[in-house]
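Comments concern the structure below.
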Amino acid sequence: MFADEGGNAADGMPVTLVTLTFVEHEGKTKLIMRSRFASAEGLQQVMGIGIVQGCASQFYRLDDLLENLQEPC
């Protein structure tokens, strides 16, 4: 679901079912993210606003956070 700053559903945006799966892979944790849209049009709509780049930037931020959490205090 796309939401505004208050967590309310954003008008005009497609509903998205997102599934996150954590699996062990070669001694590390792998995160698999899958998104399902009700229609091809909904998918195209979010592709047009840069959903891939937006998600990638958030995962880079998560990488940085996790790296900082592992550093000794």
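Here, residue 1 is the first one in the sequence, and each next residue gets the next number.
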Is the backbone N or O of [Y] less than 3.5 Å from a side-chain atom of [X], with the two atoms forming a donor-acceptor pair by type?
X	Y	answer
E24	G27	yes
N68	D64	yes
E67	L62	no

Response to the item:
Residue set satisfying side-chain contact (heavy atoms from CB on, under 4.5 Å) with S57, at least two apart, ordered chain then number -> none
Discussion item. M47: which residues meet the side-chain contact (heavy atoms from CB on, under 4.5 Å) condition with it, sequence neighbours left out?
Written reply: L43, I51, V52
Mind checking whether [X] and [Y] have side chains closer than 4.5 Å, heavy atoms only?
X	Y	answer
V18	M33	yes
Q44	E41	no
K30	T21	no
V46	M13	yes
L31	F59	yes

Item to complete: Share the residues that join I32 in a hydrophobic cluster, the rule being Ile, Leu, Val, Met, Phe, Trp or Tyr side chains under 4.5 Å apart at the heavy-atom level.
Response: V23
Worksheet item: For the residue pair P14 and G42, what are the closest heavy atoms and their distance?
Response: CG-O, 3.5 Å
Practice prompt. To the nearest 0.5 angstrom, please state how far the CZ atom of R34 sits from the OG1 atom of T16.
Written response: 16.0 Å
